[in-house]
J.: 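Okay, here's the structure, questions in a sec.
As the structure lists them, so they are numbered: ligands from 1, and atoms in each ligand from 1. These figures come from a predicted structure and were not determined experimentally. Numbers for residues simply follow the sequence, beginning at 1.
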Amino acid sequence: MLRSHTCGELRAEHVGEEVTLVGWIDTIRDHGGLRFIDLRDRYGRTQVTLSPETVDGSELTSLRSEQVLQVTGRIQARPDGMKNPRLLTGEIEVIATVSTLVGDCPALPFDFAGGDLVNDELRFQYRFLDMRRPEVQRRFQLRSDLQHQLRNHLHEKGFIDLETPMLTKSTPEGARDFLVPSRLNPGELYALPQSPQIFKQLFMVAGFDRYMQIVRCFRDEDLRADRQPEFTQLDLEMACVEEDDVIEVLEGLMAHVVKALTGREVETPFRRISYDEALLKYSSDAPDLRSDLEIFELSDLAADLGFKVFSGAVEAGGAVRGVRVPGAGEWSRKQIESLEAIVKNQGAGGLAWMKRTEDGLAGPVARFCDGDAGTQLVERSGLQVGDLCYFVADRSKRVVINSLSFLRKELAQKLGHIQPDALEFCWVTEFPLFDEDETSGSPVPCHHPFTAPHPDDLDQLESSPLNVRARAYDLVLNGFEVGGGSIRIHQRDLQERVFEAIGLSPEEARSKFSFLLEALKYGAPPHGGIALGIDRLVMILAGDDSIREVIAFPKTQRGTCQLTGAPTHVSDQQLEEVGLRVADPAKPVTSQLSGDEAGEPTQQ
Ligand code: ASP
């Protein structure tokens, strides 16, 4: 090794030893010819003293931050008063006798030592510099520790770590596929896996009854702060299980990793909330339980309240719901109404409100509360003296839910409910098996088409598929979906019925999923599993608000890589090899094909 110790290793007990360190120059302080350097590496910082009397003076002049320096010297105790108790190496310093510049560094593109940083663009363009910062290194240490703990715990529980292909056929999870052309099979393309879903089910058929993998997945969809086109999952599958068994393994796993990484106890079992209850009470299928704010239904009272805005919304098929804000009766009218913009952004017409003071009810909704319906409203809201209530009414239930979701988030922040280091886990269960496709109105899987329907709803699979519940569960932490899974279909005929329900003809189903349908014929045990989003989990544990921070080389919102510039054009030769031609992105593809290729009739 070019070093005898790391920069975080030396203590008082090493005084008198000769050592060699290699590290980046963190800071340089000049004291009349004497130079004090903090040399930094992944393990810490050590003070090195360079004096013209002990090292060649020419080495001392051109030193700059972030150069890599190798120094050899003797360890000396720092004089009293010069010790630094905040530094693990703060009792000693290295008196250098040899100093060699082993890696020069020009002026930096940004001052990365200075805490809060310049724009993200520059930071991710020079990610290798950004990642040198101790706080960034701590995130990646946490990430590595998390993966290590997940693996260890699962191995102890009898899980086997198996790999699945990256170049494969579409494994649908509701996103678009990333496609990879095949040189050896011109005109044919692989898909990168959206998840190892089908393969892990095949492992169950093969008899690997407890499978795990930490695996990269790819989904071509619009990006958000908590989404990236490629991401890492902890993927699990277990045979001979029901929902409770998977949930129990996951709760044990979460309690273990949180304890190992933060020393904190997580209480199990986690709360279970049905999808319907989550949407009503928290206006979200991933409720943030750090706040106890709850939403309540008022649609049934709307007709009797005499408030046209409410009754009109319900008559048109929409809803009216409210949320009580404890203690907010003190807010000024201006403060109260300032939150209206949040719901208007979601398409709601406005935000109605009412408060209860010592003198009774006040605010725009108060005058509708005289009769029975009003009394019921007040009772249902739980409105106490000093509280405020907000109401959202709209002819679209979706708009009401979205508006209250954003409003609840904002209120929770404002009321100080969102403690940054709280960890509130819960399960959301009983999802519908299908959503309604917005354009075609036909059923599309809520999770993926391999999720088992609830046995009590099987008879509705053909007649009213949208009423069928799924044997699916999501793991939610602090309002983020960190995992999702289900009990799977293990009977071939049921799988065929579900394919049919989503509009796949038997031929299409066979051409897409023949290998799964075949496998289900050959002795498939009942099975189920889950996948956890490692990036999101690390983001939450690290206290970050974007997964980009915990991914070494993330993509931008446009799916580009600031460091490498990917995606890029490739050479004509490469395209030719894989049998592809690239269309002009500015024109519709069909207009660039010859009539023949575009499927138009050709004239003989
Ligand atoms: N394959 C699912 C996903 O990636 C997880 C699962 O159902 O186990 O979201």
J.: Could you name the protein residues that come within less than 4.0 Å of ligand 1, counting only heavy atoms, and order them by chain and residue number?
T.: Glu173, Ser195, Gln197, Lys200, Arg219, Gln233, His448, Gly484, Gly485, Arg488, Gly529, Ile530, Ala531
J.: As a test of understanding, state which of Val343, Leu404, Leu351 forms a side chain to side chain contact (heavy atoms under 4.5 Å, CB included) with Tyr390.
T.: Leu351
J.: Tell me, which pairs form a side chain to side chain donor-acceptor pair (under 3.5 Å) where one or both residues lie in residues 201-213, sequence neighbours left out?
T.: Thr164-Gln213, Gln197-Gln201, Gln201-His527, Tyr211-Gln213, Tyr211-Asp235
J.: What's the spacing between Asp474 CG and Ser486 OG if we round to 0.5 Å?
T.: 10.0 Å
J.: How many angstroms lie between CG in Leu466 and CD in Glu436, if you round to the nearest 0.5 Å?
T.: 5.5 Å
J.: Report the C-alpha distance between Glu230 and Arg216 in whole Å, list the side-chain angles of each, state the deciding distance to 0.1 Å, and finish with yes or no for salt bridge (Lys or Arg N to Asp or Glu O under 4.0 Å).
T.: CA-CA 7 Å; Glu230 55 177 309; Arg216 196 63 64 84; 2.8 Å; yes
J.: Is it true that Glu518 and Ser514 share a donor-acceptor pair across their side chains at a distance under 3.5 Å?
T.: no
